[in-house]
Structure formats: structure tokens, C-alpha cells
Amino acid sequence: RRELPDGGARPSVAQFKQLVVSALRELHGEVGAALPVDVLTYEEKTLSAILRVISSGLVKLWSALTLLGFYQNRRCAFRVLQTSPFLLALSGNSRELVLD
Amino acid sequence: AALSRRYVLCEVVSEDPRCRQCIEDRAVGLAVRDAIGRVHGDHGLACCSISFTGAGGGGLPRRGRGRGARAHRCACAPAVKYLNAYTGTVLLRCRRDSYRLLCSALPFVRQLESRNQRYPCFLHTLHVGGTIRTCQKFLIQYNRRQLLLLLQNCTNEEERRCIQKSLLSCSLTEEQSQSGDEEDDDGTE
């Protein structure tokens, strides 16, 4: 999942995907922009999404998102909450588990 | 060796004969750097460590650190090590770990630009080697083969003799590292 803290207008799904692809293009060029990235879910309220990418492209995607600083001239940041090869594992975040 | 390099030998091919005078180290280096930036982004640019300190050769390959003391010490070095405007031969240098980035970006070089003039061209990769010496040896053999091809297409008897003389005299001598490269016979083109 990615989360971006933002002040003003929220990006839509298409704009979010465009943001991801442009981050890849900046850091990794046309080769990076051609990496097939899918947005599986996107919540506009919390600005979090689940992205799917081929495992060999994880490093490129993660580094591109980390270095992305601006969205429409506003500062923003991507925070990676969880990565996993299985979609089911993303439903529960083991970091947030609390011992009773 | 701590920091190994790979040397990529390529040839500038262009339909426009005026492109020959446009071939200079800065123009070629800029074009290659552009292509890498487009294809591989900032990461690729940084990996291939292409920068200019203004020390590109005027046609002579430099041995070792012949550039002398420089005020700024950059880890990267000029990428165009050797250039021959007559044959359009260019020798590029990059780090061993990222030579694939450089080689894959070379087909994306579409034009050379210098002095506000643009000429469409493409780079034809001839050889990738670990040292300048291996590239030189390959270049000598390649040029010899090219001269033989030119010999077959020769129409003029005088040109034939000229080429035969060049063929017999091409070799790699120790004191001058450039004696192996022969110029193309422009009359037969």
C-alpha cells in the first residue's frame, strides 16, 4: 500500500496511475515507464492504494516512488506500508498487531 | 582491479555526408548522454557516469591518467575516449556493471547535433571490450576487412594500389598506438 499525505485536491485513480508512471519515467526512463504497474485498489479518502508489479520491477518501483517529491507543485511523500507476493497477506498488517 | 571499465566501440553511420564534419567528441557524448537519459532516466545517467571535464581526445587515445591534475576530482571520467571523424569510429567508456544500460541506449541515438546543425544518423555497435587495447586490436582487424571489401568494389586502378598499400602496412606497433587505424578511401564511397 502507498499513502501520500496531501493538503488540497485529491488525485483520482487515473491521476494516481499517471503519477506513478511519471515517477518511474523520471528515475528509470522509458524502460521504467514501460514497467507494467497495475493499481488494484485505490481509496481517495485515505489516499492509499494497492499496486501490483512484477517482482523483478519491485526495486525500480519502490525507488521511484521514494524519490517522488512533488504532485502538482505540492510536496508529497509515498509511504510503503507493506509488500508481499500474496494479495491475501495485505489484508492484515502484522506491524499493527497488538498483543492482548 | 577496483573499478573495471567496459569500452564500447561503435561506428557512426549516416546517409548525409556532411555528418562527418559534425562528428566530434562533445556532440557524440551529448547525444549518447541524451539517449541514456531518455531510456534509463536519472538512474541510468548516474550509473553510466557520463560527464564532461572538457578532456575528450582530439583523436588520440590516452593511456592511463594522462589528463594531469584537475581541480575538481570526479569519480567519473569523460565517456568518449577516442574518435575518428574519417571513419566515424567512436570508443565509449562506462563502468563494467552498467555497460548493458549504455549498450541498450545506443540504438536510441538518432541524430548528432553540433554548431546548431542536426544530422540524422545511427550508431552501429562493433565491439565491447574490457580494455582499450582489445578494442584497438579488433578495430585493426575490422578496418582490414573493410578495406578488403572496398578493394572488391574498386573501379579505379590507382585506388586499388592505394588500398593494397594500406592493407599491407596496417599493424599495431608499440610506440604509436594509432598506427593501426586506416582511413577510409573516400573516393570509393
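Sequence lines set the chain letters: A, B, ... in the order given, protein chains first and strands last, and positions in each chain run from 1. Just so we're clear, the structure is a prediction, and the values are computed from it rather than from any experiment.
Side-chain contact between B:V13 and B:L123 is absent, with no heavy atoms from C-beta onward closer than 4.5 Å. Side-chain contact between B:L112 and B:C121: present, with at least one pair of heavy atoms (C-beta onward) separated by less than 4.5 Å. Counting heavy atoms from C-beta on, the side chains of A:L65 and A:L24 never come closer than 4.5 Å. Side-chain contact between B:V8 and B:V90 is absent, with no heavy atoms from C-beta onward closer than 4.5 Å. A:V39 places none of its side-chain heavy atoms less than 4.5 Å from the side chain of A:V20. Between B:L92 and B:V80, the closest side-chain pair of non-hydrogen atoms falls below 4.5 Å.
Follow the hydrophobic side-chain contacts under 4.5 Å out from A:V59 and you never reach A:L81; the two are in separate clusters.
Around CG of A:L67, the count of heavy atoms belonging to other residues, nucleotides or ligands within 6.0 Å exceeds 12.
Between B:L9 and B:C135 the shortest heavy-atom distance is CD2-O, 3.9 Å.
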Would you list the atom pairs in which one atom of chain A and one of chain B form a donor-acceptor pair under 3.5 Å?
unit_1 : atom_1 : unit_2 : atom_2 : d
A:E26  : O      : B:D42  : N      : 3.1
A:L27  : O      : B:D42  : N      : 3.1
A:L27  : O      : B:H43  : N      : 2.9
A:E30  : N      : B:R38  : O      : 2.9
A:E30  : N      : B:V39  : O      : 2.8
A:V31  : N      : B:V39  : O      : 3.0

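Against chain B, the residues from residues 31-38 of chain A that qualify, each with a non-hydrogen atom under 4.5 angstrom away, are A:V31 in number order.
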